[in-house]
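Input: a single structure, listed below in structure tokens.
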Amino acid sequence: MKIIVILCLNFLLAAGVIHEGKYRAAVVAYSPNLTAEEPLDRLYQNVGNYLDYIDEAGLQKCDIIVFPEDGLTGWYDVITYEERVEMFSTAVPEPSSNVSPCKSNDGIYSKALKSFSCSALKNRIYVVVNLAERFYEENTKKTVYYNTNVVFDRDGVVVARFRKINLLNEIFFRAANESVTFKTDFGVTFGIFTCFDITFRNPALTTLEDPEVTDIVFPVAWFSHLPFIQSLSIHHGYTISTGVNMLSANLHDPASRNGGTAIYFAGGDIAKVYLTGSEGSKMIISDVPKVSKRKPPHPCQVINILPSSNVERVEDINGFITSTENLANYTWKAVDLTQKEVRETVCSGGKFCCNFDISLTSTQPTNYVYKMVAYHGTVQLSANDRLGTRACGLVACTNEDIASCGHRLDVPPKGVTFGRIEIKGVFQAQHSHDQPASLKYNLKPVSNYTFCRQQVGDDHVEVSVSTVDKQDALLTFGIYGRVFNNDGKPVGVINIK
């Protein structure tokens with residue numbers, strides 16, 4: 001099933017020309033077609049579906065279209081079968097060589113790559129596709145494979161090639177180490193990276209060392225973990241904390257926890273978002289305001305997400321599967337729902353402390369409990385990945401056991417309304433990044449809150465989040481931070497000296 005949704009922030013000219021100061025973007029939440037028996041048949045069925053979307057985006061006068069990670073093949077084959085990675089792979093021209101695979105007679109380019117190049121030319125649109133790249137190393141005389149995003153310009157020329165840096169259980173791919181940017185003829189300079197990369201300094205922050213980068217293209221196959229590592233929460237928090245527009249195209253496989261496609265604006269608004277438990281692909285189209293010059297985000301930002309026109313039914317959201325993070329090493333205190341005011345300090349690792357100031361009203365019966373949690377240490381995200389993490393949050397739990405936090409019931413939280421939530425802490429500034437983390441029962445970020453990150457002295461920052469309006473149906477509200485120099489250390493609390 002294919003559904004096309006067009007969202008215009010302002011009226012368009014009758015001819016469909018985008019107003020000066022905007023460009024038009026399309027992102028595709030894609031459910032791979034994996035019904036064919038032969039792997040290559042599956043690949044080319046998906047190639048054909050992609051070409052249909054590119055044609056439609058061209059008809060809608062889009063400047064750029066972005067597809068998700070692993071959309072052509074699904075994620076299972078490329079992490080399980082080395083021979084299928086080889087089968088799916090193609091050579092990709094070096095961007096500096098100014099090659100259009102559509103016009104090239106070189107036999108090293110796959111039919112799929114040539115088809116995307118020709119479609120970009122035909123529709124006069126920038127196309128971003130994630131695929132398996134095959135690369136022959138002259139020095140070692142070996143062929144290696146990369147998880148690669150390829151960018152075609154309106155002439156079908158490959159203008160950017162980003163190889164994923166931070167791999168997650170992708171043992172048949174080689175990790176790269178170079179950040180990538182590209183300029184467009186509509187006056188926007190993009191950074192580009194893939195999925196798990198957004199949680200690492202390189203490339204999520206190193207890309208922004210280029211001051212001309214104002215926007216990010218982001219193919220992703222995100223597996224959502226609650227309470228903090230959910231797709232929309234992480235991606236939205238990144239755009240708020242960095243001040244960029246972001247075109248995020250997520251693989252859509254709700255039974256496997258994949259989903260959460262959106263177009264994010266630098267000011268914290270979300271043009272349109274798609275996350276549901278229903279099967280099927282969907283393309284989102286929106287005009288995106290250009291950021292003339294990216295500036296460091298204001299120390300305090302008010303996040304006010306405009307009302308969305310897509311309202312999901314509870315049963316649709318229930319069909320989207322999420323997993324839970326292991327919070328066994330977190331320090332926590334329960335929120336006493338019989339009290340109207342709650343003020344507590346929760347500390348982890350000695351000196352890492354989170355201050356909570358909460359007002360609430362509750363009526364019995366309530367179906368969730370809430371805990372105030374704090375953590376400074378490392379978390380195990382995969383067999384080989386241990387991430388330096390710091391977090392403060394108010395999280396929903398299905399019972400008094402900390403292991404229930406992040407689980408979801410079949411119905412939204414009821415009986416609790418938060419009038420005010422303020423969470424604040426003073427943290428070490430070096431080798432770190434902090435962003436807001438928020439999630440409602442509909443698996444969308446919270447609207448109407450303030451996020452602040454301000455320098456305190458030479459080596460500390462004060463970070464806070466605080467609601468502006470009353471909140472109910474809340475699953476997560478807080479601060480998610482990374483401490484990059486703690487990556488790879490043993491899992492557990494790390495004391496601050």
Side-chain angles (χ1 to χ4, degrees), residues 226-228 230 232-233 236-237 240 268 300-305 307 314 317 322 324-325 327 330-348 352-375 391-426 434-452 462-480:
L226 271 57
F228 292 104
Q230 189 264 359
L232 297 176
S233 177
H236 186 229
I240 293 167
C300 283
Q301 304 173 70
V302 177
I303 313 306
N304 185 15
I305 303 172
V314 167
I317 291 298
T322 54
T324 57
E325 301 169 57
L327 304 186
Y330 281 56
T331 306
W332 58 272
K333 292 183 180 179
V335 176
D336 185 347
L337 298 180
T338 68
Q339 300 296 310
K340 293 184 178 181
E341 302 281 337
V342 176
R343 293 180 178 86
E344 293 282 0
T345 298
V346 184
C347 299
S348 172
F352 179 82
C353 295
C354 310
N355 301 304
F356 295 82
D357 186 352
I358 299 168
S359 70
L360 62 93
T361 58
S362 65
T363 56
Q364 296 298 324
T366 58
N367 56 348
Y368 283 78
V369 300
Y370 287 89
K371 298 186 187 299
M372 300 166 285
V373 301
Y375 186 64
C392 302
L394 176 68
V395 300
C397 315
T398 56
N399 58 52
E400 297 295 342
D401 190 339
I402 189 67
S404 75
C405 301
H407 285 275
R408 297 156 52 211
L409 299 175
D410 291 337
V411 293
K414 64 180 181 179
V416 180
T417 298
F418 294 97
R420 179 189 70 256
I421 308 169
E422 183 180 44
I423 304 171
K424 181 185 299 184
V426 177
D434 300 289
Q435 60 186 57
S438 71
L439 202 62
K440 302 275 279 188
Y441 183 79
N442 64 2
L443 300 182
K444 309 297 192 302
V446 171
S447 182
N448 298 327
Y449 69 91
T450 300
F451 172 71
C452 301
E462 182 180 80
V463 186
S464 66
V465 288
S466 55
T467 56
V468 175
D469 292 336
K470 293 180 178 179
Q471 299 289 340
D472 55 17
L474 190 67
L475 295 185
T476 303
F477 188 72
I479 301 161
Y480 176 78

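Taking CD of Q339 as the start and OG of S362 as the end, the distance is 9.5 Å to the nearest 0.5 Å. Distance check: I423 CD1 to Y449 OH gives 11.5 Å after rounding to the nearest 0.5 Å. Atom NZ of K333 sits about 6.5 Å away from atom OG1 of T345, to the nearest 0.5 Å. Y330 contributes atom OH, which lies 10.5 Å from atom SG of C405 (distance to the nearest 0.5 angstrom). Considering CD1 of I317 and CG of D410, their distance stands at 12.5 Å, rounded to 0.5 Å.
Side chains of V416 and V335 form no contact here, defined as non-hydrogen atoms less than 4.5 Å apart. Side-chain contact between I402 and V373 is present, with heavy atoms from C-beta onward closer than 4.5 Å. I305 has its side chain out of reach of K444: every pair of non-hydrogen atoms, C-beta onward, lies at least 4.5 Å apart. Contact check for I303 versus P445: no side-chain heavy atoms found under the 4.5 Å cut-off. Two residues are said to be in side-chain contact when any heavy atoms from C-beta on lie closer than 4.5 Å; F228 and V395 meet this criterion. Side-chain contact between S233 and T476 is absent, with no heavy atoms from C-beta onward closer than 4.5 Å.
Contacts classified as ring-ring contact (aromatic ring centres under 6.0 Å, His included) and involving residues 353-373 (residues at least two apart or in different chains) are given here: Y370-F418. Note on residues 362-371: pairs passing salt bridge (Lys or Arg N to Asp or Glu O under 4.0 Å), not counting sequence neighbours, are K371-E400.
Every residue meeting the side chain to side chain donor-acceptor pair (under 3.5 Å) condition with T338, not counting sequence neighbours, appears here in chain and number order: D336. Partners of E422 by side chain to side chain donor-acceptor pair (under 3.5 Å), not counting sequence neighbours: none found. For K414, the side-chain contact (heavy atoms from CB on, under 4.5 Å) test picks out N367, with sequence neighbours left out. Shown here are the side-chain contact (heavy atoms from CB on, under 4.5 Å) partners of T322, two or more places apart in sequence or in another chain: S224, L226, F320, R408, L443. Remark: K340 pairs with no residue by the side chain to side chain donor-acceptor pair (under 3.5 Å) rule, at least two apart or across chains. Among residues two or more places apart in sequence or in another chain, the side-chain contact (heavy atoms from CB on, under 4.5 Å) test is passed with R420 by E341, R343, D357, S359. By the side-chain contact (heavy atoms from CB on, under 4.5 Å) test, E462 pairs with K424, V426, Q454, V456, sequence neighbours left out. Legend: residues meeting side chain to side chain donor-acceptor pair (under 3.5 Å) with T450, ordered by chain and number and at least two apart, are absent.
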Derivation of the disulfide (SG to SG under 2.5 Å) call for C347 and C354:
CA-CA 6 Å; C347 299; C354 310; over 6 Å; no
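Nearest approach of V446 to S438, heavy atoms of both residues: N-OG, 3.0 Å. When every heavy atom of S348 is checked against every heavy atom of A374, the shortest pair comes out as CB-O, 3.7 Å. Pairing each heavy atom of I240 with each of F451, the nearest pair is CG2-CD2, 4.1 Å.
Under a 3.5 Å cut-off, the side chain of Y441 and the backbone N or O of L409 do form a donor-acceptor pair.
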Could you list the donor-acceptor pairs under 3.5 angstrom formed by side chains in residues 465-473, with sequence neighbours left out?
{"unit_1": "T467", "atom_1": "OG1", "unit_2": "I421", "atom_2": "N", "d": "3.0"}
{"unit_1": "D469", "atom_1": "OD2", "unit_2": "N448", "atom_2": "ND2", "d": "2.7"}
{"unit_1": "Q471", "atom_1": "OE1", "unit_2": "K440", "atom_2": "NZ", "d": "3.2"}
{"unit_1": "Q471", "atom_1": "NE2", "unit_2": "S447", "atom_2": "O", "d": "3.0"}

